[in-house]
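Here's the structure, in structure tokens; my notes come after.
Just so it is clear, the model here is predicted, and its values are computed rather than measured. Letters go in sequence order (proteins before strands), and every chain restarts at 1.
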Amino acid sequence: MTQEILLNSPEDNEIVKQRKDKLLRLKTEENYDPFVNETWPREITLAEIRNQFDNLQPEQEDQNAVLKTAGRIMTIRRQGKAAFADLADETSRIQLYFQLNAVGEKNYDFLKKWVDTGDWIGIVGHPCRTRRGELTIFVNEFKLLTKAIRPLPEKWHGLTDTETRYRQRYLDLIANPDVREIFKQRSQIISSFRNTLAQHNTLEVETPVLSTIASGANARPFKTFHNALNIEMYLRIALELHLKRLVVGMMGRVYELGRNFRNEGIDTMHNPEFTMMEVYWPYADYNDMMTLAEELIKNAAQSIGKNIIEWNDMQIDLNQPFEKISMLEAVKKYAGVDFTQVNDDEQARNIAREHNLGAELKGNESRFAVLNMFFENFCEEKLIKPTFLTGHPVEISPLSKRDPDNPDYTHRFELFMFGKEVANAFSELNDPIDQRARFEDQMRKKEAGDEEAQSLDEDFINAIEAGLPPTGGMGIGIDRVVMFLTGARSIRDVILFPTMKPKI
RNA sequence: GAAUCGCUAGCUCAGUCGGUAGAGCACCGGACUUUUAAUCCGGGUGUCGGGGGUUCAAGUCCCCCGCGAUUCACCA
């Protein structure tokens, strides 16, 4: 089969056809294959060049500096016997100046004939600054490293179509340096989390993604199947139960930063797979976790150089200490209902009906469930400044220790920012008898049709029976933290390849 | 799950009352040794998301479907 036949595809648009044809001619006419190159001795990045030669004056050049660099040709402006191009790498973008006299006629012809926007090119040159003040690499040698046969998105408007941006993220990343910046910041934030946890002598561990019981959170799991074992398995919905087993196993302070999978709807705050950091400290409680949460988030913000963060037209000053409010206080403050005075379930439901929550009631809710309903409906969105919400009822907290002074409530907090939850933490329930009872309560809910109630994990109970020390634990939604610190409005803007429905 | 908006050239978009599919950039050919959204001359490259219907005639009107965005609902 000839190469022409291999090259042609009926779906190709005009530009791709031309580029494929050009590639073939480059191979036959010049005996040059742009896909055989393996290395290029890049000695300096474009950002480093910008830094080092910032003081160069217009029309000045530094012939002694030898710059070996590389990147992708973003635009090219040919003008007869000279040409300007914009070269971009992962750090920056800089102008190239090619002169026939400097590179020689043969090489200059090669440039004119064979080099296109999108191509990767290796450069040897020296810095100069044009009369208009643009820092430029005066090219002495170059090598075409790889050809692009597909055209880049438009240079001025870039790529804005959200669907293409998410489906073909590589094009988004090429066309929109801001997007690259968000993902660099995501990486810095995650590094910051790891650094902060390392400073607290917390060991990073890895636990199974695949398991036969998905528990530790209220969510529907993804099912999958293991062929050799001939069993149905689930993708994890939380890290919690395995990490607590490790504390039982005397691993000390542990954390995992990993992917969770929840089989739920997709919107601007939820992606089916998302990244969670969970940490467990023996001999600590939920108050210690509050201190840690605040430190983690403030350090993360600092790692990307931010003290004040903005999200959806709201602003938070991270120089301020985080606030604290109990669920009872919040509901009293924002909904005007004092649930400390409500001791009867039917009374609670009546109050809910008075507040137009009747449609949400099934009729069997406890006063604790109603309290939570009030919080979600009237308070959650008001918690703009970072605020620790405490005092969750036991009923909605199957893994938290009870408040000894108030056994219907727990030693738990959720951290809210911009009206959204970013962290969930508690003094871990370590009473195996109570834990079994809580799971059984969840099982009853599940049997009653609550698909998100937690499953009873016998081995986990077994672990607790072996003795879980007093432990403080916390989960932080990394994607949300990244959204809030970078200002990204949608979770899809902080996940490189968000879950998408196949197009056909 | 519902509502709204969107889907036209590689990209960003226009397309009137239903009457021969357009622009800018990109791309192709030519000129040009300091341009930078280079400029100048010439060239339009298309399954108008898919299917059906109405009509002499559909990018445009109607119906169904797909994908996406946003809001709401659901959900942590």
Side-chain angles (χ1 to χ4, degrees), chain A residues 10-19 21-22 58-59 61 74-87 93-103 105 108 112-113 116-118 128-136 138 148-168 171-172 174-176 216-220 237-238 260 262-272 274 276 312 359-360 372 375-376 380 392 396-397 414 416 420-424 450-452 454 475 477 479-480 489-490 492-493 498-504:
Chain A
E11 293 89 49
D12 287 346
N13 64 52
E14 191 62 28
I15 297 174
V16 173
K17 278 180 193 152
Q18 282 166 4
R19 290 284 181 94
D21 181 57
K22 191 173 199 172
E59 296 195 78
E61 60 182 329
M74 301 304 287
T75 67
I76 190 160
R77 299 176 288 282
R78 291 172 235 255
Q79 347 179 82
K81 295 185 175 65
F84 292 89
D86 286 351
L87 184 73
R93 187 166 164 144
I94 204 164
Q95 179 169 262
L96 302 177
Y97 182 40
F98 297 85
Q99 251 186 25
L100 186 145
N101 295 350
V103 297
E105 193 170 348
Y108 191 80
K112 258 174 83 172
K113 227 172 152 176
D116 296 302
T117 58
C128 63
R129 197 179 282 281
T130 64
R131 98 171 48 125
R132 295 224 188 147
E134 178 88 20
L135 185 63
T136 298
F138 188 99
I149 61 172
R150 205 164 273 285
L152 259 34
E154 202 242 2
K155 63 181 171 186
W156 190 242
H157 299 93
L159 181 69
T160 60
D161 180 66
T162 45
E163 190 169 353
T164 311
R165 287 186 47 228
Y166 297 149
R167 287 187 194 279
Q168 293 173 254
L171 295 180
D172 186 30
I174 291 168
N176 301 314
N218 298 78
R220 292 160 67 178
I237 57 174
N260 281 348
R262 296 189 184 174
N263 210 337
E264 291 161 1
I266 298 177
D267 60 33
T268 50
M269 297 304 293
H270 300 85
N271 195 63
F274 62 100
M276 181 84 111
N312 274 11
E360 294 185 30
N372 187 47
F375 174 75
E376 288 178 352
E380 190 167 343
H392 299 66
I396 59 165
S397 313
E414 289 176 296
F416 287 85
K420 307 280 183 186
E421 182 200 341
V422 294
N424 184 19
D450 181 355
E451 287 188 88
E452 294 177 351
Q454 302 206 18
D479 309 277
R480 288 191 180 181
R489 293 197 168 213
S490 168
R492 287 174 223 106
D493 292 325
T499 305
M500 301 287 277
K501 211 165 171 177
K503 200 154 186 184
I504 297 166

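With P as the reference atom, B:C65 and B:U70 are 23 Å apart, rounded to whole Å. When the P atom is compared between B:G19 and B:A69, the two are found 33 Å apart, to the nearest whole Å. A gap of 16 Å separates the C1' atoms of B:G43 and B:G22, to the nearest Å. Comparing B:U45 with B:A2, their P atoms are spaced 42 Å from each other, to the whole Å. The separation of B:U54 from B:C61, taken at their C1' atoms, amounts to 8 Å, rounded to a whole angstrom. The gap from the P atom of B:U12 to that of B:C7 amounts to 12 Å, rounded to the nearest Å. With P as the reference atom, B:G44 and B:A21 are 15 Å apart, rounded to whole Å. A distance of about 13 Å separates the C1' atoms of B:A14 and B:U60, rounded to the whole Å.
By the neighbour-count criterion of 12 heavy atoms within 6.0 Å, atom CZ of A:R220 is sparsely surrounded, having that number or fewer from other residues, nucleotides or ligands.
To the nearest 0.5 Å, the span separating CD1 on A:I396 from CD on A:E414 amounts to 7.0 Å.
In a base pair of the Watson-Crick type (N1 to N3 plus N6-O4 or O6-N4) or a G-U wobble (N1-O2 and O6-N3), with each distance short of 3.5 Å, B:C32 is matched with no nucleotide. Base pairing of B:U16 is not made with any nucleotide, judged by Watson-Crick or G-U wobble geometry with both donor-acceptor distances under 3.5 Å. Both distances falling under 3.5 Å, in either a Watson-Crick or a G-U wobble arrangement, occur for no nucleotide opposite B:U54. Shown here, B:U60 forms no base pair; nothing in the strands shown gives a Watson-Crick or G-U wobble contact with both key distances under 3.5 Å. The partner of B:A21 is absent, by the rule that a Watson-Crick or G-U pair needs both atom distances under 3.5 Å. Under the Watson-Crick or G-U wobble criterion, with both distances below 3.5 Å, B:G68 is paired with B:C5. Taking a pair to require two hydrogen-bonding distances under 3.5 Å in either a Watson-Crick or a G-U wobble arrangement, B:G46 remains unpaired.
Distance A:R165 CZ to B:C7 P: 18 Å, rounded to the nearest Å. If you take CE of A:M269 and P of B:A73, they are 15 Å apart, rounded to a whole angstrom. Rounded to an integer number of Å, the gap from A:L159 CG to B:G10 P is 14 Å. Between the CD atom of A:E380 and the P atom of B:A73 there is a distance of 12 Å, given to the nearest Å.
In this structure A:F84 satisfies the ring-ring contact (aromatic ring centres under 6.0 Å, His included) test together with A:Y97, sequence neighbours excluded.
A donor-acceptor pair under 3.5 Å links the side-chain atoms of A:Y108 to the main chain of A:A82, judged by distance alone. Between the side chain of A:R480 and the main chain of A:E421, a donor-acceptor pair closer than 3.5 Å is present.
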Can you name the atoms? Protein N/O to nucleotides 68-72 of chain B N/O, anything below 3.5 Å, with the distance.
{"residue": "B:G68", "atom": "OP1", "partner": "A:K501", "partner atom": "N", "Å": "2.9"}
{"residue": "B:G68", "atom": "O4'", "partner": "A:E163", "partner atom": "OE1", "Å": "3.1"}
{"residue": "B:G68", "atom": "O2'", "partner": "A:T162", "partner atom": "OG1", "Å": "3.3"}
{"residue": "B:A69", "atom": "OP1", "partner": "A:R492", "partner atom": "NE", "Å": "3.4"}
{"residue": "B:A69", "atom": "OP1", "partner": "A:R492", "partner atom": "NH1", "Å": "3.2"}
{"residue": "B:U70", "atom": "OP2", "partner": "A:R492", "partner atom": "NH1", "Å": "3.1"}

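When all heavy atoms of A:A219 and A:I237 are compared, the closest pair comes out as O-CD1, 3.8 Å. Residues A:T160 and A:H157 share a closest heavy-atom pair of CG2-O, 3.7 Å. The two residues A:T499 and A:N271 have their closest heavy-atom pair at N-OD1, 3.3 Å. When all heavy atoms of A:L159 and A:N176 are compared, the pair lying nearest together is O-ND2, 3.1 Å.
One finds no salt bridge joining A:K155 and A:D86 here, because no Lys/Arg side-chain nitrogen approaches an Asp/Glu carboxylate oxygen to under 4.0 Å.
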Heavy-atom contacts, protein to nucleotides 25-37 of chain B, under 4.0 Å, summarised as B (base), S (sugar-phosphate only) or - (none) per nt, yield BBSS---BBBBBB
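Residue A:E61 is out of contact with every strand shown, counting any heavy-atom pair closer than 4.0 Å. Contacts of A:E414 with the nucleic acid, taken as non-hydrogen atoms under 4.0 Å apart, include base atoms. Residue A:E451 is out of contact with every strand shown, counting any heavy-atom pair closer than 4.0 Å. Across all strands, A:G158 comes closer than 4.0 Å only to sugar-phosphate atoms, never to a base (heavy-atom distances).
Projected onto RNA chain B by closest heavy-atom contact, A:I266 and A:T164 fall at different nucleotides, the more 5' of which corresponds to A:T164.
If you check the side chains of A:R489 and A:N312, you find a donor sitting under 3.5 Å from an acceptor.
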